[in-house]
Amino acid sequence: MSVLSRYFSPSDLEEIKSAVGEAESKTSAEIVPFFAESSHHYREWAWFGAFLMGGLTGISFYTAQKTYGLVWGNESMFAVLSVWAGAIFGLGLFFLFPKLRILLAPKNSKQYFVELRAKEAFLDEEVFRTKNRTGILIYISLFEHFVRVYPDKEIARVVPKSEWNEAVRLIIEGMKSGKKKQGIVASILFCGDLLKKYNIHAEKDDKNEISNEFRDGGKLM
C-alpha cells in the first residue's frame with residue numbers, strides 16, 4: 001500500500017490533481033504537491049529513548065527499594081539490572097513506534113530534516129525543469145506537522161517569501177481539523193491566484209511541463 005493511499009481516497013487524489021490543473025490554468029507555473037509521511041526515520045532518537053527509560057527504571061527501583069525494601073542483599077546488582085531492563089524495553093518501544101521517536105526529536109532537528117528532504121524532493125521531481133524556471137514544490141511532512149513551499153528562481157524573484165505563509169497555513173489548518181484534502185486543495189488554488197496576482201500569467205503556447213499528480217514521498221519510518 002502506498003503512503004498516499006493510507007491517507008487519501010482515490011477521489012481525494014483526483015480532486016487534488018484537478019486543483020493543480022485549475023491553478024495552473026491561471027499561470028505559466030507548474031505546481032508540484034508532494035506528501036511525505038515523515039522526512040526522516042529518527043531512529044537515532046530510539047537510543048535516547050532507551051537512555052531515558054533506563055534512567056527512569058533505575059530511579060524507580062532505587063525509590064521503591066528505599067521505601068519498601070523490596071530486595072535484601074545484592075542491591076547494586078538489582079539496580080544495574082533494572083537500568084538495563086528499562087533501557088532494552090525503551091529501545092524496543094521507540095523502535096516499534098515511530099511517532100514516539102518524533103516526540104523525542106527537538107524542533108530544530110525536525111525542521112532540518114524537513115528542509116533537507118524538501119530540497120531533495122525538489123531535485124528528484126525535477127521541479128526546476130520548466131522553460132521559464134516557474135516550478136513550485138508544495139512539500140507536506142505529516143508526522144512533523146511542517147509544510148514548505150519552494151518556488152523556483154523566477155517565481156522567487158517576483159513573489160515575496162512571506163506571501164507563501166497563507167498556502168502553508170491552509171494545509172496545516174486542514175491537517176489539524178481532519179480535512180487534509182480540503183486544506184491541500186485550498187492551498188493549491190491559493191497558489192494559482194497568488195501567481196496570477198503577481199502577473200505570472202499563462203502563455204499562449206503554455207504546456208503542462210510537469211505531471212499534475214500528487215507525489216508520494218514513500219515511507220521512511
Side-chain angles (χ1 to χ4, degrees), residues 2-4 7-8 10-39 111-142 144-175 179-218 220:
S2 70
V3 168
L4 282 179
Y7 297 98
F8 301 92
S11 61
D12 288 342
L13 297 177
E14 191 59 37
E15 193 169 338
I16 292 169
K17 180 180 178 180
S18 296
V20 173
E22 182 179 343
E24 290 181 352
S25 68
K26 304 173 184 178
T27 173
S28 61
E30 294 291 328
I31 299 172
V32 180
F34 189 104
F35 183 86
E37 190 173 48
S38 66
S39 295
Q111 286 177 327
Y112 170 78
F113 288 118
V114 168
E115 297 284 353
L116 182 63
R117 185 73 182 94
K119 290 174 182 177
E120 289 176 353
F122 189 94
L123 296 176
D124 291 344
E125 299 299 329
E126 299 186 335
V127 180
F128 56 88
R129 292 193 68 180
T130 59
K131 184 175 68 172
N132 296 319
R133 299 298 297 268
T134 53
I136 301 172
L137 177 76
I138 301 176
Y139 182 86
I140 304 161
S141 197
L142 179 65
E144 291 89 346
H145 305 121
F146 286 139
V147 177
R148 294 290 182 266
V149 178
Y150 280 109
D152 205 352
K153 64 179 185 179
E154 187 58 29
I155 292 177
R157 184 182 65 82
V158 176
V159 182
K161 191 174 181 179
S162 60
E163 290 278 31
W164 303 109
N165 292 341
E166 178 64 10
V168 171
R169 186 194 70 79
L170 288 167
I171 294 175
I172 291 176
E173 286 299 316
M175 295 289 180
K179 297 179 179 179
K180 295 187 289 294
K181 181 259 297 181
Q182 292 89 334
I184 294 167
V185 167
S187 180
I188 291 169
L189 295 178
F190 168 81
C191 288
D193 291 335
L194 181 64
L195 294 167
K196 184 179 179 181
K197 170 186 171 182
Y198 280 91
N199 298 316
I200 304 176
H201 297 301
E203 300 175 352
K204 290 182 180 180
D205 61 343
D206 191 56
K207 296 179 181 179
N208 191 25
E209 298 176 88
I210 303 177
S211 167
N212 295 347
E213 299 289 341
F214 196 12
R215 304 310 201 276
D216 191 327
L220 293 180

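The first residue in the sequence is number 1, and the count goes up from there. Only heavy atoms go into these numbers, but all of them, side chains included; no hydrogens, no water, no symmetry mates.
The CD atom of Glu126 sits 13.0 Å away from atom CG of Leu137, with the distance rounded to the nearest 0.5 Å. Rounded to the nearest 0.5 Å, atoms OG (Ser38) and CZ (Phe146) are 13.0 Å apart. Arg148 CZ to Gln111 CD: the interatomic distance, rounded to the nearest 0.5 Å, is 6.0 Å. Rounding to the nearest 0.5 angstrom, the gap separating the CZ atom in Phe8 from the CD1 atom in Ile16 is 5.0 Å. Note that the CD atom of Glu24 and the CD1 atom of Ile188 stand 9.0 Å from one another [nearest 0.5 Å]. Rounded to the nearest 0.5 angstrom, Phe190 CZ and Arg169 CZ are separated by 9.0 Å.
Listed by chain and residue number, nothing satisfies the salt bridge (Lys or Arg N to Asp or Glu O under 4.0 Å) test with Asp12 (two or more places apart in sequence, or in another chain). Lys181 is linked by a salt bridge (Lys or Arg N to Asp or Glu O under 4.0 Å) to Glu15, counting only residues two or more places apart in sequence or in another chain. Applying the salt bridge (Lys or Arg N to Asp or Glu O under 4.0 Å) rule to Glu163 yields the partners Lys197; only residues at least two apart in sequence or on another chain are considered. Residues satisfying the side-chain contact (heavy atoms from CB on, under 4.5 Å) test with Ser141, not counting sequence neighbours, are Ser39, Val114, Tyr139, Glu144. Under the side chain to side chain donor-acceptor pair (under 3.5 Å) criterion, Ser11 pairs with Ser9, not counting sequence neighbours.
Using a 4.5 Å cut-off on side-chain heavy atoms (C-beta onward), Glu115 and Phe113 make no contact. At a threshold of 4.5 Å between non-hydrogen side-chain atoms, the residues Ile200 and Val159 count as touching. Residues Lys180 and Ile140 form no side-chain contact, since every pair of their non-hydrogen atoms from C-beta on lies 4.5 Å or further apart. Within the 4.5 Å cutoff, the side chain of Leu195 has no heavy atoms near those of the Lys26 side chain.
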Trace of the side-chain contact (heavy atoms from CB on, under 4.5 Å) decision for Arg133 with Phe128
CA-CA 6 Å; Arg133 299 298 297 268; Phe128 56 88; 3.8 Å; yes
Listed pairs under 3.5 Å, donor-acceptor, residues 117-124 side chains, sequence neighbours left out:
none

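Nearest heavy-atom pair, Gly135 versus Ile155, reported as atom, atom and distance to 0.1 Å: O-CD1, 4.1 Å. Scanning all heavy atoms of the two residues, the minimum distance from Gly21 to Asn212 falls at CA-ND2, 3.6 Å. The two residues Phe35 and Leu4 make their nearest non-hydrogen contact at CB-CD2, 3.6 Å. Asp152 approaches Val127 most closely through the heavy-atom pair OD2-O, 4.1 Å. Shortest non-hydrogen contact noted between Ile184 and Met175 is CD1-CE, 4.3 Å. Closest approach of Gly192 to Ile31, counting heavy atoms only: N-CD1, 4.4 Å.
A salt bridge between Arg129 and Glu209 is absent, with no side-chain N of the basic residue lying under 4.0 Å from a carboxylate O of the acidic one.
Distance alone, capped at 3.5 Å, places no donor-acceptor pair between the Ser187 side chain and the Gly183 backbone. Checked by atom type and distance alone, the side chain of Ser25 pairs as donor or acceptor with a backbone atom of Glu22 at under 3.5 Å.
Partner of Cys191 under the side-chain contact (heavy atoms from CB on, under 4.5 Å) criterion, chosen from Val20, Ile138, Leu170, Thr27: Ile138.
When the shell of 6.0 Å around OH of Tyr112 is examined, it contains 12 or fewer heavy atoms from other residues, nucleotides or ligands.
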